[in-house]
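Structure provided below as structure tokens; questions to follow.
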Amino acid sequence: MNPDLFFQYVVAGITYGTIYAVVAIGFNIIYNATGIINFAQGEFVMLGGMTAVTLSRFLPLPVAILGAVAVTTVIGAVIDILFIRWLRGPSVLRMIIITIGVSILVREAALHVWGESVRALPYFTGTSVTSIKMGNVYISPQVLWVVGVSAVAVVALSAFFNYTMLGRQMRACAANRDAARLCGISAKNMVTLSFMLSAGIGAIGGAVVCPITYVQYDSGTPLAIKGFTVAILGGIGNSAAAVGAGMILGILESFSIWVLPAAYKEVISISLLLLILFIRPSGIFGSAEEARLKEF
Amino acid sequence: MRRKRGFICAIVALALLVGAGVQAADPIKVGAILSVTGPASFLGAPEAKTLEMLVEEQNKKGGVLGRKIELIVKDSGASPEKAFSFAKQLMEEDKVFAIIGPSTSGETMKIKGVAEVGKTILLSCAAAEVIVNPVAKYVFKTPQKDSDAVVKIFQQMKTMKISKIGVLSSNTGFGKAGEEQIMKLAPEHGITVLASEVYDKAASDLTAEVTKVKAAGVEAILNWSIEPAQAIVIKNARQIGFKGPIFQSHGFGNIKYVEAAGEAAEGVLFPAGRLLVADVLPNSNPQKALLVKYKKDYESRYKEEASTFGGHAYDAFLILVKAIEKAGKVDMDAVRATIEQLTGVVGTGGVFNFSTTDHNGLNIDAFEMLTVRKGKFVPLAN
């Protein structure tokens with residue numbers, strides 16, 4: 001393999017990796033606040049992309065994306081208020097089933113609203129054929145957008161969770177809901193907030209990746225599976241680790257094509273997920289000590 | 001009391017009479033198994049819409065042989081397992097006269113045997129050659145053969161002096177069947193396949209795949225799939241600086257993909273039925289009138305662009321109606337045998353000439369080589 005080809009595979013891997021990481025971050029936010037996995041996370045990504053495409057018909061692109069994020073955030077809040085908020089101490093299994101149900105509901109609703117056709121936002125910079133040439137390696141400017149937006153999101157989130165009162169309150173709820181309540185934190189509000197936050201992050205991700213991946217009413221699920229794999233791989237709850245794990249999975253997938261037929265690309269991620277669950281359930285970057293204290 | 005009984009008798013008699021009346025004009029039940037939703041929804045949705053429109057039109061004209069048509073659409077979501085159980089349900093519970101669909105090749109192959117055993121006419125809207133080769137007595141299909149599409153592409157490559165190509169295909173029935181035909185037909189047309197990659201139908205980025213194909217030193221890329229991935233392929237190929245021509249299968253005939261791929265779609269070459277270029281066909285073309293009418297009707301009713309896929313359902317329905325009319329009775333075996341005798345039927349996909357050995361009825365002339373210019377489909381020859 002010559003170096004040009006090597007780096008081209010690396011770039012392809014980074015592209016896949018950041019897309020997965022963006023989805024994984026959404027999983028982590030809700031997990032951090034509630035301790036549950038929200039299986040409707042892929043649908044937030046889809047909603048963000050779809051709404052942005054619709055709004056971009058009559059609004060300038062940045063406004064359309066902001067609008068899409070706002071709409072999806074509201075939908076996130078509505079989902080929590082309608083399906084989660086009124087439950088009294090629901091079990092993990094029940095929450096999983098509810099979020100799976102919500103994901104199916106959202107998908108079918110999207111089918112009725114938007115129909116079955118494939119949509120895409122225009123490329124933020126240049127067109128679909130523009131690429132930046134570095135030596136003999138080509139990279140699409142949209143990939144840089146995705147990488148940049150993910151980086152900003154990760155930094156902003158870790159700052160939010162570590163340095164703001166609200167972020168700390170959300171973490172407190174996840175760590176020990178009863179203790180948090182004793183301190184005067186409204187656990188229910190924190191959960192609603194986490195749904196809004198992860199819906200918003202999902203929507204940003206959906207809007208940024210949709211020029212690359214396109215968006216369709218059912219495009220959320222495959223993304224959610226990859227995002228879930230990455231979230232587990234990195235250690236659930238840790239957004240910076242999700243980025244690292246996303247890169248690992250993306251680059252592994254892209255190099256797998258060099259040696260294996262491309263059809264086996266999906267096998268890589270599933271094998272990796274199983275391997276991690278068997279050997280190191282706390283994730284590559286997670287601590288086993290910490291994982292033992294978690295409920296799920 | 002007696003008067004009351006007489007009254008009841010009259011009502012019962014009337015009811016029987018009305019019942020008998022309904023019996024005589026019993027509608028002809030036509031089942032349709034289509035992927036209205038799911039990954040192949042761009043095939044199934046226009047097919048279902050087309051059928052609804054045609055059935056309504058036909059019933060307004062008084063139906064077929066004085067009997068109305070009742071359409072029962074089942075959404076298989078492109079799942080062969082669902083298609084299988086729907087086929088059983090349509091045949092055993094609804095007792096349909098014929099089944100139109102399924103939309104995809106994988107589904108059709110799954111139920112080919114069921115239709116054959118259950119002796120129900122199946123008019124598939126899927127492309128793969130294996131559906132009608134070997135011939136199954138009750139199974140027909142309306143889309144053009146994929147082998148003809150491959151040959152059409154190879155002929156075009158020959159005129160462009162291309163001999164070394166890279167092949168990409170998706171892991172679906174359509175992709176697999178196309179890839180097999182490409183591998184089989186390439187040697188006899190002097191084409192060398194330097195690299196062939198199969199990708200997942202839900203793939204969201206294919207940079208690595210096209211990188212590998214480009215590295216093999218190919219002159220052109222030929223992609224065979226029906227999913228959004230076919231628009232992703234061309235985009236990624238251009239992004240990594242591939243300058244050669246890109247060929248697509250007849251599955252590319254949906255303007256939505258051109259819109260999604262934007263600039264990257266310019267100059268893509270693919271064989272397709274003439275529906276996409278109906279407006280610019282010469283008036284002498286026998287298909288022109290029918291194509292323009294279908295396109296106009298469909299677009300004014302559904303406010304979306306007509307695609308060749310809806311056309312496959314159009315042709316299936318057209319053939320069924322023609323065969324019933326020609327047979328003069330709604331009898332399964334008579335109608336089945338009549339389809340085999342239909343010749344010169346002008347449809348959206350081409351002019352159909354069926355025989356006992358040809359259950360598709362179309363040849364390579366049904367294809368026109370198209371390209372994309374300024375975001376629109378145009379015949380390459382123009």
Side-chain angles (χ1 to χ4, degrees), chain A residues 1-2 4-5 8-9 11-13 15-16 19-20 107-108 111 115-120 122-123 126-133 136-143 209-219 221-223 225-226 250 253-258 261-267, chain B residues 35-46 77 168-171 175-176 196-215 227-232 234-242 254-257 259-266 302 304-305 307:
Chain A
M1 180 183 270
N2 65 39
D4 289 346
L5 202 54
Q8 192 66 62
Y9 278 132
V11 168
T15 312
Y16 305 148
I19 294 171
Y20 303 157
R107 205 155 54 227
E108 293 299 312
L111 175 64
E116 78 299 336
S117 54
V118 179
R119 285 145 210 266
Y123 274 65
T127 65
S128 58
V129 291
T130 316
S131 56
I132 300 161
K133 198 174 170 208
N136 279 319
V137 177
Y138 298 85
I139 182 162
S140 164
Q142 193 64 29
V143 173
V209 302
C210 106
I212 301 177
T213 62
Y214 304 142
V215 58
Q216 206 175 357
Y217 77 95
D218 62 352
S219 61
T221 318
L223 282 177
I225 294 172
K226 285 291 167 65
E253 277 192 0
S254 93
F255 275 96
S256 75
I257 289 163
W258 179 33
Y264 291 102
K265 199 164 96 176
E266 307 307 309
V267 177
Chain B
S35 332
V36 184
T37 61
S41 54
F42 66 95
L43 298 170
L168 291 162
S169 55
S170 72
N171 62 348
K176 236 167 78 185
S196 175
E197 288 294 318
V198 179
Y199 53 79
D200 186 75
K201 60 185 172 195
S204 55
D205 190 279
L206 295 163
T207 310
E209 282 86 345
V210 289
T211 302
K212 187 172 179 186
V213 169
K214 188 189 166 209
E227 293 78 23
Q230 60 182 334
I232 297 176
I234 45 181
K235 210 175 56 178
N236 291 154
R238 293 305 181 214
Q239 280 164 356
I240 61 156
F242 180 77
N254 184 330
I255 201 77
K256 288 265 159 41
Y257 290 129
E259 283 164 16
E263 197 103 334
E266 289 296 303
Y302 295 113
E304 64 175 32
E305 203 125 355
S307 70

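Just so it is clear: chains get the letters A, B, ... in the order the sequence lines come, proteins before strands, and each one is counted from 1.
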Q) Quick one: does A:Thr127's side chain have a donor or acceptor within less than 3.5 Å of a partner on A:Tyr123's backbone? A) no
Q.
Tell me which of these, B:Asn171, B:Val198, B:Thr207, has more heavy-atom pairs under 4.5 Å with chain A than the rest.
A. B:Val198
(Q) Is B:Gln239 close to chain A through its backbone or its side chain, or both, or neither, when contacts mean heavy atoms under 4.5 Å? (A) both
Q | Heavy-atom pair of closest approach, residues B:Ile240 and A:Gln8 | A | CG2-NE2, 3.5 Å
(Q) My understanding is that only residues two or more places apart in sequence, or in another chain, count here; which of them pass side-chain contact (heavy atoms from CB on, under 4.5 Å) with B:Ala231? (A) A:Tyr214, B:Tyr257, B:Ala261
Q. OG1/B:Thr211 to CG/A:Leu5 distance, rounded to the nearest 0.5 angstrom?
A. 7.0 Å
Q. Measuring heavy-atom distances to chain B, does A:Pro122 have an atom under 4.5 Å in its side chain, in its backbone, in both, or in neither?
A. neither
Q.
Less than 4.5 Å to any heavy atom of chain B: does that hold for the side chain of A:Gln216, its backbone, both, or neither?
A. side chain
Q) Considering only heavy atoms, which portion of A:Ser219 lies under 4.5 Å from any heavy atom of chain B: side chain, backbone, both, or neither? A) neither
Q: Select, from A:Thr221, A:Asp218, A:Ile212, A:Val118, the one with the greatest count of heavy-atom pairs under 4.5 Å involving chain B.
A: A:Ile212
Q | chain B contact via A:Leu111 - which portion, at a heavy-atom distance below 4.5 Å | A | side chain
**Q.** Considering all heavy atoms, the nearest B:Ala208-A:Ala12 contact
**A.** N-CB, 3.9 Å
Q: Could you look at A:Ser254 and say if it's the side chain, the backbone, both or neither that has a heavy atom under 4.5 Å from chain B?
A: both
Q) So, the side chain of B:Asp205 versus the backbone of A:Tyr16: is there a donor-acceptor pair under 3.5 Å, distance only? A) no
Q: Could you list the residues that satisfy side-chain hydrogen bond (donor to acceptor under 3.5 Å, both in side chains) with A:Tyr138, not counting sequence neighbours?
A: none
Q.
Heavy-atom pairs under 4.5 Å with chain A - which of B:Glu197, B:Arg238, B:Lys201, B:Glu209 has more of them than the others?
A. B:Glu209
